[in-house]
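Worksheet: one structure, shown below.
Numbered from 1 within each chain, the chains take letters A, B, ... in sequence-line order.
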Amino acid sequence: MTEYNPRAIEEKWQLRWAASRAFEVVEDPSRPKFYALEMFAYPSGHAHVGHVRNYMIGDVMARVKRMRGYNVLHPFGWDAFGLPAENAAIQSGIHPETSTLANIAHMKGQLQRLGISYAWERELATCLPEYYKWNQWLFLRMFERDLAYRKRSTVNWCSSCQTVLANEQVVDGGCWRCGTPVTTRELEQWFLRITAVADELLSAIDRLEDWPEKVLTMQRNWIGRSEGARVRFPLVTGTMDGGSVDIEAFTTRIDTIFGATFVLLAPEHPLVERLADESNNPAGFRASADRFRRQDRTARLTGDVEKEGFDTGRRATNPFTGEQVPIWVANFVLGDYGTGAVMGVPAHDQRDFEFARKFGLPIRVVIQPDGDGAQPLDGSTLGEAFEQPGRVVNSGEFDGLWSTEAISVMSEKAERRGTGQRTVQFRLKDWGVSRQRYWGTPIPIVHCESCGLVPVPDSELPVILPKVIEFTGRGDSPLAAVPDFVNTTCPACGRPARRETDTMDTFVDSSWYFYRFCDPHNDSRPFDPAKAAYWCPVDFYSGGIEHAILHLIYSRFFARVYRELGLVAHDEPFSRLLTQGMVLKDGRVMSKSKGNVVDPDDMIRKYGADALRLYVMFVAPPEKEVEWSDAGLEGAFRFLMRVWRFVQLWCDVLGHRPAGAIDGRTLSGPERALRRKTHETIRRVTHDLDPRVHLNTAVSALMELVNELYQFSEQHTRTGAPGRKGTDVGAADGERPESLAVLAEAVDALVLMLAPFTPHVAEELWERLGREGGLVHAPWPTFDPDIARGEEVVVPVQVNGKVRGRVAVPIDASDADIERRALAEPSVVQHVGGRTVRKIIVAKGRLVSIVVQ
RNA sequence: GCGAAAGUGGCGGAACUGGCAGACGCGCUGGACUUAGGAUCCAGUAGCCGAAAGGCUGUGGGGGUUCGAAUCCCCCCUUUCGCACCA
């Protein structure tokens with residue numbers, strides 16, 4: 001008997017797969033397609049088992065789909081631009097390109113040693129000009145359509161990364177990458193107009209049926225649609241100025257406007273500067289506003305920030321009451337949401353209520369609760385704001401309306417009189433993509449003194465990222481220090497001009513790479529639309545939950561941009577999404593800095609890639625996080641040993657033969673039972689893999705089948721179970737031709753079904769079974785539902801809710817028949833004990849429930 | 001604070017639409033084989049009572065619906081995640 005030697009087997013099959021280009025594919029309209037994709041990797045250097053879990057999950061799905069006859073695209077690539085490589089360069093002086101390419105080479109080796117079935121000839125890396133050229137191309141198309149634009153704005157700034165962050169990249173007020181508290185800066189920045197499709201991104205969420213609900217909720221909240229109205233409160237002109245100015249306030253509760261007893265401005269509101277100038281203490285005014293602005297983000301992190309504000313001394317007119325109300329600046333009003341100004345309705349908004357309480361501003365009830373026993377509210381005794389809808393009062397002609405009616409009636413009135421209009425407000429903001437860093441895609445724009453912003457012509461793409469550069473780590477764009485790069489001529493007028501020196505956020509790279517995989521070597525277009533039409537959308541996309549908003553919302557946006565460009569026809573790029581759980585070690589997320597990483601290569605050396613794959617698939621459902629366990633991995637290895645030994649026994653001693661036709665009528669009881677187990681296992685594994693993706697239970701079904709095989713050989717063959725030595729066990733009746741035929745069927749099915757999980761050992765066993773052609777495209781085993789179900793079922797019988805006996809009945813027994821047998825069962829009779837049977841429920845094939853007095 | 005998901009043996013987890021709770025694995029216990037075994041094979045392993053047969057209890061807690069609830073409903077507790085003054 002040959003020993004199970006994972007290392008030799010795995011190297012052998014990895015070489016064979018590579019030599020035969022086993023996972024390469026071309027479009028084939030005659031077959032159904034399946035696009036399996038795992039989120040591509042940032043080449044950090046070494047992948048730990050937390051990273052590779054995702055690739056294993058995707059690989060199981062890709063492999064099973066191949067065996068089921070699908071034309072499977074399963075590519076991989078590298079999200080190769082980004083800050084860590086550049087920061088490392090500042091420290092070490094090693095060029096990011098050098099370190100990135102070395103990291104890619106190492107990680108690619110890791111994935112190959114795991115036997116992941118990637119179509120490596122489609123491999124891409126975003127840091128290569130052949131890829132980022134198309135980032136630039138797309139940016140220019142967006143620029144032409146006004147989907148990419150430049151504006152001066154307050155941006156999120158990470159002082160450690162020395163760059164701008166998109167809103168999506170601010171996590172708990174800190175940088176998503178390093179956690180440094182985010183501050184703000186005023187900068188000229190490039191933005192992508194994701195808000196243009198905000199409504200569509202939101203409404204299409206309802207059709208993403210195969211996405212985790214959690215991700216959809218996060219996206220809905222992120223987009224944050226709210227319907228309301230903008231209402232103008234004219235500034236009451238003071239003595240210092242003549243012109244008329246309106247303060248526009250956004251509200252979702254225009255029905256409460258008669259209760260608006262003040263107006264609040266965000267410290268960032270543009271009018272604040274002017275009001276400061278016109279105030280009698282401009283310096284003090286500015287100091288307070290500045291203090292509020294600085295509070296934002298960082299101060300809020302620690303919890304509730306005390307509401308603060310100051311009176312500007314000016315007044316605005318409530319357009320509905322005609323009343324002049326004070327204008328305050330308040331720290332809790334957000335400058336970047338809505339209009340940066342709100343009407344203060346203390347009776348019906350808790351924040352305004354607290355503010356009014358603190359500063360002694362009037363509280364006026366204009367909505368009364370309406371219902372059984374509702375007590376009328378009184379502004380002077382109110383303990384908290386009444387925020388529910390109710391009956392409108394103290395509001396002139398609108399009195400008596402219900403809140404919801406009042407909202408539409410009052411909005412209409414405001415529109416008629418020109419003092420406001422209905423709007424939809426989104427929390428989602430345009431995506432700031434400028435980064436003041438080196439290691440990214442250069443933005444293909446030229447700044448010309450006479451022509452302004454001039455796009456680089458398509459024919460001059462790509463704008464190559466210069467190689468020679470000094471890494472200083474200072475806050476300006478490193479490219480600005482490269483004269484050969486910066487100095488150019490204007491494509492429009494030919495005069496000297498300067499190149500844009502910002503690079504693109506790397507999330508631009510990752511927002512469309514899944515299309516590039518369809519046609520990765522195209523040098524005239526980002527990809528051939530026909531090829532993308534064949535492969536896309538991605539059928540099965542898996543990756544970490546941390547991308548629930550960032551990557552997954554940007555990609556949905558880019559899909560719509562490509563659709564507008566006529567390159568794709570679908571709306572949604574990913575049909576099904578699986579967010580895999582993390583792998584913890586000692587209760588914490590694996591990370592190099594914490595020193596608790598498990599390197600797949602170490603495990604492969606010890607137990608082999610197959611055992612590692614099997615363990616990771618088996619330990620928990622893919623979505624759940626798991627705690628790493630060496631003992632669990634050993635268990636998986638032991639299981640493969642058991643499989644190996646059994647197949648060896650089968651080949652060497654029992655005399656293997658290919659599975660053939662089996663005549664069910666000639667089988668003995670145990671033969672029947674084993675055959676049933678085989679078919680039942682095929683049914684379970686098939687269903688668990690696709691569509692359920694319950695990889696852990698699929699593995700456990702295979703383990704059960706192996707246990708059954710051991711039982712069978714122990715009890716019905718001369719040799720006993722594998723590993724059993726020297727005892728006189730079993731009868732030789734298991735070596736009847738019928739037994740061997742049933743065993744052959746079981747062994748074939750087992751090896752075939754192991755192939756997606758443990759491809760190397762499965763291939764090896766298949767070859768030893770004398771099979772040719774390999775397992776990559778071997779047909780997935782099929783089951784006969786009748787055989788899987790068996791001929792008999794054991795039905796538990798309950799008496800008053802407790803199981804008191806079991807009866808074995810034929811699978812097709814009638815309810816009456818089952819009932820009769822149940823009542824005749826001695827243990828049941830004993831528990832019924834002569835009492836009156838009030839009711840009998842027969843749940844066919846599952847249970848009999850007898851209710852007695 | 002708001003929102004979502006989840007609480008099952010010593011541990012990871014099973015239980016598809018309400019129908020035998022604890023599959024499968026880890027760990028542990030015993031046995032076989034052995035010079036030996038931390039290898040292998042076999043068996044046992046939710047708790048309590050019992051020599052056993054068997055009985056009782058049991059899926060975070062409390063109520064409810066039902067012949068029947070881990071699963072559905074209500075209240076509470078805990079944990080995790082997300083959002084965090086969005087007017």
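Among the nucleotides B:rC83, B:rA21, B:rA87, the one closest to any side-chain atom of A:Val803 is B:rA21. Side-chain atoms of A:Leu334 lie closest to B:rC86 of the nucleotides B:rC86, B:rG13, B:rC42. When each of B:rA14, B:rG82, B:rC86 is scored by its nearest atom to the side-chain atoms of A:Pro621, the top-ranked nucleotide is B:rA14. Nearest nucleotide to the A:Arg846 side chain, out of B:rG19, B:rA43, B:rG12: B:rG19. Side chain of A:Val619, nearest nucleotide from B:rG12, B:rA87, B:rC41: B:rG12. Comparing atom distances between the A:Glu714 side chain and each of B:rC86, B:rC20, B:rC41 picks out B:rC41 as nearest. The A:Thr217 side chain lies nearest to B:rG3 when the options are B:rG3, B:rA87, B:rC16.
In terms of heavy-atom proximity, A:Pro362 sits nearest to A:Thr261 at O-OG1, 2.8 Å.
Taking atom C1' on both B:rA46 and B:rA14, the two are 15 Å apart, rounded to the nearest angstrom. B:rG27 and B:rC11: their P atoms are spaced 15 Å apart (whole Å). B:rG38 and B:rA23 are spaced 28 Å apart, taking the C1' atom of each and rounding to whole Å. Remark: the separation of the C1' atoms in B:rA52 and B:rC33 is 31 Å, to the nearest Å. B:rG62 and B:rA4 have their C1' atoms separated by 24 Å, with the value rounded to a whole Å. Annotation: B:rC73 and B:rC81 have their C1' atoms spaced 26 Å apart (nearest Å). Nucleotides B:rU8 and B:rG68 are separated by 26 Å at their P atoms, to the nearest Å. Comparing the C1' positions of B:rG50 and B:rU59 gives an interatomic distance of 26 Å, to the nearest angstrom.
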Can I get a per-line list of side-chain donor-acceptor pairs under 3.5 Å for residues 338-345 of chain A, giving both atom names and the distance, sequence neighbours left out?
from, atom 1, to, atom 2, distance (Å)
A:Thr339, OG1, A:Glu248, O, 2.6
A:Thr339, OG1, A:Phe250, N, 3.4
A:Thr339, OG1, A:Ala341, N, 3.4
A:Thr339, OG1, A:Ala341, O, 3.1

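Residue A:Tyr337 has a polar side-chain atom (N or O) positioned under 4.0 Å from OP1 or OP2 of B:rA87. Distances shorter than 4.0 Å separate none of the side-chain N or O atoms of A:Arg225 from OP1 or OP2 on B:rC86.
A:Arg220 comes within 4.0 angstrom of no nucleic acid atom, judged by non-hydrogen atoms across all strands. Residue-level contact check: A:Lys624 touches the backbone only, with heavy atoms under 4.0 Å from sugar-phosphate atoms and none from bases. Across all strands shown, A:Gln711 has heavy atoms under 4.0 Å from sugar-phosphate atoms exclusively, and none from any base. Among the atoms of the strands shown, none is found under 4.0 Å from any heavy atom of A:Arg838. A:Lys844 comes within 4.0 angstrom of nothing in the nucleic acid, heavy atoms only. Note on A:His831: only backbone sugar-phosphate atoms sit closer than 4.0 angstrom, heavy atoms only; bases stay farther off.
Sorted by first and then second residue, the pairs that involve residues 345-356 of chain A and meet salt bridge (Lys or Arg N to Asp or Glu O under 4.0 Å), not counting sequence neighbours, are A:Lys307-A:Glu354, A:Asp349-A:Arg351. Every pair passing salt bridge (Lys or Arg N to Asp or Glu O under 4.0 Å) that includes a residue from residues 611-631 of chain A is listed here, sequence neighbours excluded: A:Asp59-A:Arg613.
Considering only residues two or more places apart in sequence or on other chains, A:Glu546 meets the side-chain hydrogen bond (donor to acceptor under 3.5 Å, both in side chains) condition with none of them. With sequence neighbours excluded, the residues that form a side-chain hydrogen bond (donor to acceptor under 3.5 Å, both in side chains) with A:Asp688 are A:Arg692, A:Thr697. In this structure A:Phe783 satisfies the ring pair (Phe, Tyr, Trp, His ring centres under 6.0 Å) test with no other residue, sequence neighbours excluded. For A:Phe233, there are no ring pair (Phe, Tyr, Trp, His ring centres under 6.0 Å) partners, not counting sequence neighbours.
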Measure all distances between protein nitrogen or oxygen atoms and nitrogen or oxygen atoms of nucleotides 64-68 of chain B, and list the pairs falling under 3.5 Å.
from, atom 1, to, atom 2, distance (Å)
B:rC67, OP1, A:Lys839, NZ, 3.0
B:rC67, O2, A:Ser849, OG, 2.7

At a cut-off of 3.5 Å, list every protein nitrogen or oxygen paired with a nitrogen or oxygen from nucleotides 23-26 of chain B, distance to 0.1 Å.
from, atom 1, to, atom 2, distance (Å)
B:rA23, O2', A:Glu704, OE2, 2.9
B:rG25, OP1, A:Asn707, ND2, 3.3
B:rC26, OP1, A:Arg638, NE, 3.3
B:rC26, OP1, A:Arg638, NH2, 2.8

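Base orientation at B:rG58 is anti, since its O4'-C1' glycosidic dihedral falls outside 90° of 0.
Seen from the ring of A:Trp222, A:Arg427 counts as a face-on cation partner, given the 6.0 Å and 45° thresholds. Under the 6.0 Å distance and 45° angle rule, A:Arg642 counts as a cation-pi partner of A:Tyr710.
Remark: A:Arg588 does not engage A:Asp586 in a salt bridge, criterion side-chain N to carboxylate O under 4.0 Å.
Put simply, the side chain of A:Arg351 and the base of B:rA87 share a donor and an acceptor less than 3.5 Å apart.
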